[in-house]
Amino acid sequence: MVFSKRLKQWYLQNKRDLPWRSTQDPYKIWLSEIIMQQTRVEQGLPYYLRFTEAYPNVHALADAPEQEVLKLWQGLGYYSRARNLHTTAIRVSKELEGNFPDHYKELKTLKGIGDYTASAIASFCFNEPVAVVDGNVYRVLSRIFGVETPINSTSGIKEFKALAQELIDHKDPATFNQAIMEFGAIQCKPQNPLCDTCPFNDVCLALKNNQIKELPVKIKKTKIRHRYFNYLVPHFRGEQTILEERTGKGIWSGLYQFPLVETNKPVGEAELIDTENFQELVGDQNFELDIYNENEVVHKLSHQHLHTTFWTVNIDAESLESINFNDLKDYPVPVLIENFLNEFLPEDYK
DNA sequence: AAACCGGGGTG
DNA sequence: CACCCAGGTTT
């Protein structure tokens with residue numbers, strides 16, 4: 001039997017019921033795809049529901065302040081996705097009369113839409129026969145066809161795209177694309193795939209050659225960078241504090257945090273008081289500095305471990321640029337800061 | 001081609 | 001602890 005036919009039969013019997021599977025609205029499809037990038041369905045689903053509730057169409061999203069969008073995105077990670085989402089919403093709403101492009105090639109010109117997402121939207125919404133290649137597809141194809149080319153090499157990316165494109169069902173590209181990803185997620189899982197009940201276990205080369213654990217091949221990842229964060233948590237008279245926006249291209253761009261002193265190694269109270277940031281914060285005002293967590297919090301990102309100490313700085317003065325504890329909830333913050341606030345803030349302010 | 005960008009689940 | 005997740009952009 002033809003690959004696509006066998007796959008489709010499996011899909012119709014095993015697919016999950018997901019909200020974005022029951023629409024062809026490009027806005028909803030686009031939103032779901034951006035949210036799901038590098039994200040498991042169980043983690044992204046509640047965000048999708050909140051976004052569609054808050055912004056039922058592209059115009060509503062375009063008209064929202066970026067800070068509000070980032071706040072809704074808080075906790076999902078890869079925050080450039082949220083900023084690109086907002087940028088593209090504005091573009092579609094204001095320049096394209098609310099209509100998404102209806103072809104792969106034009107879709108790819110939009111911020112945050114790469115090869116995978118353009119293929120997904122073009123096929124799901126407009127029946128264009130372009131194959132999606134996500135992590136699931138790499139795994140399924142490398143195993144069934146025994147492809148050992150690294151999936152994150154330039155040649156591998158081209159090879160797998162071409163293979164998927166050869167296999168796609170031109171009569172129903174949308175279902176084919178949904179099916180191959182769902183198959184990877186449910187049946188041909190990364191660990192302990194369900195080969196016993198697999199509809200391809202008679203032809204799968206990885207199974208035949210005992211290569212299931214070896215495929216797909218992936219080139220090794222980069223090393224972990226260790227950073228040492230000291231957050232100064234100001235506490236002014238009248239329950240007020242200070243947040244600063246992170247800018248530039250590093251982690252958490254667009255999110256807010258307390259004034260930060262970053263060092264190359266753990267630092268004590270004496271050295272901390274000596275830093276420029278600290279002196280700028282307190283000026284000549286009276287203050288009381290207390291370490292909040294004796295054991296550093298190690299916040300782990302994909303490529304960085306952030307060894308973090310929070311210091312409370314009680315300042316016996318009013319402040320002009322400060323934020324009331326009550327208003328902190330309106331600011332998008334990294335999970336690291338959110339966790340601290342949940343522990344530090346009195347119940348009334350959450 | 002390689003680096004960078006989060007947070008959480010799994011075995 | 002290593003690896004993975006409906007990837008994309010920048011250098």
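Both backbone and side-chain heavy atoms feed into the values below; hydrogens, waters and symmetry mates do not. Order of the sequence lines sets the chain letters (A, B, ...), proteins ahead of strands, with each chain counted from 1.
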> Nearest-Å distance, OH (Y79(A)) to C1' (dG8(B))?
Replying inline: 12 Å

>> Is there a side-chain contact (heavy atoms from CB on, under 4.5 Å) between V140(A) and L7(A)? Walk through the geometry before answering.
In response: CA-CA 11 Å; V140(A) 170; L7(A) 182 64; 5.9 Å; no

> Is there a donor in the side chain of T39(A) and an acceptor in the side chain of R81(A), or the other way round, less than 3.5 Å apart?
Replying inline: yes

> K220(A) has an atom NZ; how far is it from atom C1' of dC4(B), in whole Å?
Replying inline: 14 Å

>> Among F287(A), F325(A), Y292(A), F310(A), exactly one meets ring pair (Phe, Tyr, Trp, His ring centres under 6.0 Å) together with H235(A). Which residue is that?
In response: F325(A)

>> Using OP1 and OP2 only, check whether a side-chain N or O of Q304(A) sits under 4.0 Å from dC5(B).
In response: yes

> What's the CG-P distance between N339(A) and dG6(B), to the nearest Å?
Replying inline: 16 Å

> Starting at the 5' end of DNA chain B and moving along, which residue's nearest nucleotide shows up first, L301(A) or N192(A)?
Replying inline: L301(A)

> Should W252(A) be listed as having a side-chain N or O under 4.0 Å from OP1 or OP2 of dG7(B)?
Replying inline: yes

> I212(A) CD1 to dG11(B) P: how many Å, rounded?
Replying inline: 16 Å

> Got a donor-acceptor contact below 3.5 angstrom from the T23(A) side chain to the W20(A) backbone?
Replying inline: no

> Which parts of nucleotides 4-11 of chain C does protein reach within less than 4.0 Å, heavy atoms only, written one letter per nucleotide 5' to 3' as B for base, S for sugar-phosphate only and - for none?
Replying inline: SBBBSS-S

>> Just checking Y104(A) against F126(A), ring centres under 6.0 Å apart?
In response: no

>> When you measure from the side-chain N and O atoms of H303(A) to the phosphate of dG6(B), is any distance below 4.0 Å, counting only OP1 and OP2?
In response: no

>> How many whole angstroms separate atom CZ of R227(A) from atom C1' of dC4(B)?
In response: 12 Å

> Contact class for G250(A) (heavy atom, under 4.0 Å): base, sugar-phosphate, or nothing?
Replying inline: sugar-phosphate

>> With a 4.0 Å cut-off on N to O distance, would you call K94(A) and D63(A) a salt bridge?
In response: yes

>> Check this for me, if you would: do E66(A) and R83(A) make a salt bridge, where the nitrogen-to-carboxylate-oxygen distance has to be below 4.0 angstrom?
In response: no

Polar atom pairs (N or O), protein with nucleotides 1-3 of chain C, under 3.5 Å:
none

> Tell me: CZ of R225(A) to C1' of dC4(B), nearest whole Å?
Replying inline: 10 Å

>> What is the separation between atom CD1 on I337(A) and atom C1' on dG7(B), rounded to the nearest whole Å?
In response: 15 Å

>> Do L167(A) and V203(A) land in one hydrophobic cluster if side-chain heavy atoms of ILVMFWY residues count as linked below 4.5 Å?
In response: yes

> To the nearest angstrom, how far is N152(A) atom CG from dC4(B) atom P?
Replying inline: 15 Å

>> Which label fits F229(A) and Y231(A): parallel for a plane angle under 30°, tilted from 30 to 60°, or perpendicular past 60°?
In response: perpendicular

> When the P atoms of dA6(C) and dC4(B) are considered, how many whole Å apart are they?
Replying inline: 25 Å

>> Nearest 0.5 Å, please: how far is CD1 in I323(A) from CG in L243(A)?
In response: 4.0 Å

> Which part of the nucleic acid, if any, lies within contact of G75(A), taking any heavy atom under 4.0 Å across all strands shown: a base, the sugar-phosphate backbone alone, or nothing?
Replying inline: sugar-phosphate

> Between dC3(C) and dG6(B), how far is it from one C1' atom to the other, in whole Å?
Replying inline: 15 Å

